[in-house]
Amino acid sequence: MISSVIFHSRLMEIILQSDQISNSAKTPAQASTDDEVIRLWLYGRPGNTQRAYLREVQRWRSFTQKPFRVVTLGDVQEFAESLSDLKSSSVARALAAIKSLMSFAHEIGYVPFNVGTALRLPTVRNRRSERILTEEQVMRMLALTRNPRDHALLRLAYASALRISEMASLSWSDLAQRGDAGQVSVVAKGGKTHTILLSAGTWSEMIALRHSESTDDLPVFVSRKGNRLSKAQIHRVVVAAAHRAGINSKVSLHWMRHAHASHALDRGAPIHLVSQTLNHSNLATTSVYVHARPTESSGKYLGV
C-alpha cells in the first residue's frame with residue numbers, strides 16, 4: 001500500500017515536471033540579458049523619460065554590481081539608504097525607476113522574485129502650489145517682453161500649455177487655421193497627436209512670425225542665425241522674462257503650463273477640458289491643480 005502511494009506520488013512529480021518543461025518550451029524567453037530587459041522596459045517611452053530612467057538604473061547597477069536575477073530586497077534597501085543625501089523627490093524618482101524596472105523584469109519572467117513589490121517609495125511633499133504664477137505675474141512677463149518672437153513664445157506657452165520639448169520641435173506644418181483663429185498639433189507623450197485650439201489673438205501673433213519664405217518644414221521659433229531654438233534657448237527666454245517681471249523664483253517654461261491649468265480652473269473651465277488640453281491620462285492628474293490652490297476651505301466658516 002505504501003509503495004503504491006510512493007509510486008503514484010512519484011508519478012505525479014514526473015507529470016508536473018513534464019508539464020513545466022512543456023509550458024516552458026511553449027513560452028519563449030522574453031529576454032536573455034539585463035541590458036535586453038532594460039531595452040524592452042524603455043521601449044516606447046518618450047526620449048526624455050528614457051534618458052532620466054537610464055541614469056537612475058545605471059546608478060543602481062553601479063551600486064549593486066549584481067545581475068538582476070540575484071538582486072535581493074536587501075540590496076535595493078541598501079541602495080535607497082545610499083541616496084539619503086539627496087532630496088526626497090530625487091530619491092523617490094530613483095526608487096520609482098528601480099521599482100518599475102524590476103516589476104517589469106518579473107512580469108516577463110526574467111527574475112523569479114519581484115523586489116519592486118516590497119519597495120516603498122518615500123512620501124514627497126507636493127510643492128506644485130509654489131510653482132504656480134499668478135495671472136498678474138504672467139501678464140507682467142508678457143507686457144515687459146518686447147521681442148516679437150519671445151512674446152509669441154511666452155504667449156503660446158501660456159495659451160497652449162505645451163511642454164518645452166513640444167515648443168522646441170514646432171514647425172509651421174504643426175499650425176493650421178480654424179476660421180479667424182487657429183490650432184497647434186504636436187506629438188505628445190505616449191506618441192499621440194495632440195491638438196489645441198488657439199484664440200484669434202494668439203493665432204494672429206503666431207502667424208505674424210512667419211515670413212513669406214517660411215515653408216511648412218521650417219521651425220516656428222528660430223534663433224538670430226536662423227536655426228531652430230533649442231530647449232536651453234527657450235528656457236533662457238523664460239528666465240529673462242521672469243527676471244524683467246521681478247519674479248525671483250527659478251521659473252521655467254513648465255511653470256506656464258502650471259499657470260494655464262490653475263488659471264483656467266479658477267476661471268471656471270471644466271476640469272475634463274483642462275485635462276484634455278494638458279493631455280493628462282486621467283482627471284486625477286489634473287485635479288492636483290484644484291488642491292494646490294483651493295478657493296474654498298471649511299476653516300473660513302469657523303469663528304477664529
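Keep in mind that what you see is a predicted model, and the values were worked out from it rather than measured.
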In the single-linkage hydrophobic clustering (I, L, V, M, F, W, Y; side-chain heavy atoms under 4.5 Å), do [X] and [Y] co-cluster?
{"X": "Leu144", "Y": "Val138", "result": "no"}
{"X": "Val186", "Y": "Leu218", "result": "yes"}
{"X": "Val239", "Y": "Ile247", "result": "no"}
{"X": "Val222", "Y": "Ile234", "result": "no"}
{"X": "Leu40", "Y": "Leu54", "result": "yes"}

[X] versus [Y], closest heavy-atom pair with distance:
{"X": "Ala261", "Y": "Leu278", "value": "CB-CD2, 3.7 Å"}
{"X": "Ser169", "Y": "Asp174", "value": "O-OD2, 3.9 Å"}
{"X": "Asp180", "Y": "Ala200", "value": "O-CB, 3.6 Å"}
{"X": "Met206", "Y": "Val220", "value": "CE-CG1, 3.6 Å"}
{"X": "Trp41", "Y": "Ser100", "value": "NE1-OG, 2.9 Å"}
{"X": "Val238", "Y": "Met141", "value": "O-CE, 4.0 Å"}

pair [X]-[Y]: side-chain heavy atoms closer than 4.5 Å:
{"X": "Val237", "Y": "Phe221", "answer": "no"}
{"X": "Val115", "Y": "Thr72", "answer": "no"}
{"X": "Arg59", "Y": "Leu83", "answer": "yes"}
{"X": "Thr117", "Y": "His106", "answer": "no"}

* To do: Answer with yes or no whether the side chains of Thr215 and Asp217 bring together a donor and an acceptor at under 3.5 Å.
  =>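 Result is yes, a qualifying pair exists.
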
Could you tell me whether a side-chain N or O of [X] sits under 3.5 Å from a main-chain N or O of [Y], the two making a donor and an acceptor?
{"X": "Arg140", "Y": "Ala245", "result": "yes"}
{"X": "Arg69", "Y": "Tyr110", "result": "yes"}
{"X": "His194", "Y": "Thr277", "result": "yes"}
{"X": "Gln183", "Y": "Ala176", "result": "no"}
{"X": "Arg257", "Y": "Arg163", "result": "no"}
{"X": "Ser262", "Y": "His258", "result": "no"}
{"X": "Ser62", "Y": "Gln58", "result": "yes"}
{"X": "Gln137", "Y": "Met139", "result": "no"}
{"X": "Ser214", "Y": "His211", "result": "yes"}
{"X": "Glu36", "Y": "Ser32", "result": "yes"}

If you count heavy atoms of other groups shown closer than 6.0 angstrom to [atom1] of [X], is the number above 12?
{"X": "Gln65", "atom1": "CD", "result": "yes"}
{"X": "Asn248", "atom1": "CG", "result": "no"}
{"X": "Arg210", "atom1": "CZ", "result": "yes"}

Taking atom [atom1] of [X] and atom [atom2] of [Y], what is their separation to the nearest 0.5 Å?
{"X": "Leu153", "Y": "Ile164", "atom1": "CG", "atom2": "CD1", "answer": "8.5 Å"}
{"X": "Leu95", "Y": "Trp60", "atom1": "CG", "atom2": "CH2", "answer": "11.0 Å"}
{"X": "Leu42", "Y": "Arg51", "atom1": "CG", "atom2": "CZ", "answer": "11.5 Å"}
{"X": "Ile98", "Y": "Ser103", "atom1": "CD1", "atom2": "OG", "answer": "11.0 Å"}
{"X": "Lys231", "Y": "Glu166", "atom1": "NZ", "atom2": "CD", "answer": "11.0 Å"}
{"X": "Leu133", "Y": "His263", "atom1": "CG", "atom2": "NE2", "answer": "7.0 Å"}

* **Trace of the side-chain contact (heavy atoms from CB on, under 4.5 Å) decision for Leu170 with Leu156** => CA-CA 11 Å; Leu170 277 183; Leu156 180 65; 3.6 Å; yes

* To do: Assess whether side-chain hydrogen bond (donor to acceptor under 3.5 Å, both in side chains) is satisfied between Arg228 and Ser171, documenting all intermediate values.
  => CA-CA 9 Å; Arg228 183 183 295 275; Ser171 298; 3.0 Å; yes

* For Ala157, which residues count as a side chain to side chain contact (heavy atoms under 4.5 Å, CB included) partner, sequence neighbours excluded? -> Met167, Leu253, Met256

* For a side chain to side chain contact (heavy atoms under 4.5 Å, CB included) with Ile38, tell me which candidate from Phe68, Phe104, Tyr53 qualifies. =>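 That would be Phe68; it is the only one of Phe68, Phe104, Tyr53 passing the side chain to side chain contact (heavy atoms under 4.5 Å, CB included) with Ile38.
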
* What's the verdict on side-chain contact (heavy atoms from CB on, under 4.5 Å) for Trp255 and Ile132, showing C-alpha distance, side-chain angles and the deciding distance? -> CA-CA 6 Å; Trp255 286 45; Ile132 296 177; over 6 Å; no

* To do: Any chance you could lay out the side-chain contact (heavy atoms from CB on, under 4.5 Å) test for Leu198 and Glu205, step after step, and finish with the verdict?
  => CA-CA 11 Å; Leu198 303 176; Glu205 188 167 341; over 6 Å; no

* **Ring geometry between Tyr158 and His260 (parallel below 30°, tilted from 30 to 60°, perpendicular above 60°)** => perpendicular

* **Qualifying salt bridge (Lys or Arg N to Asp or Glu O under 4.0 Å) pairs with a residue from residues 75-86, counting only residues at least two apart or across chains** =>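 Listed once each, the pairs are Lys66-Asp75.
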
* Using the side-chain contact (heavy atoms from CB on, under 4.5 Å) rule, take Met102 and Val76 through it: C-alpha gap first, then chi angles, then the decisive distance, then the call. => CA-CA 10 Å; Met102 295 309 294; Val76 183; 5.7 Å; no

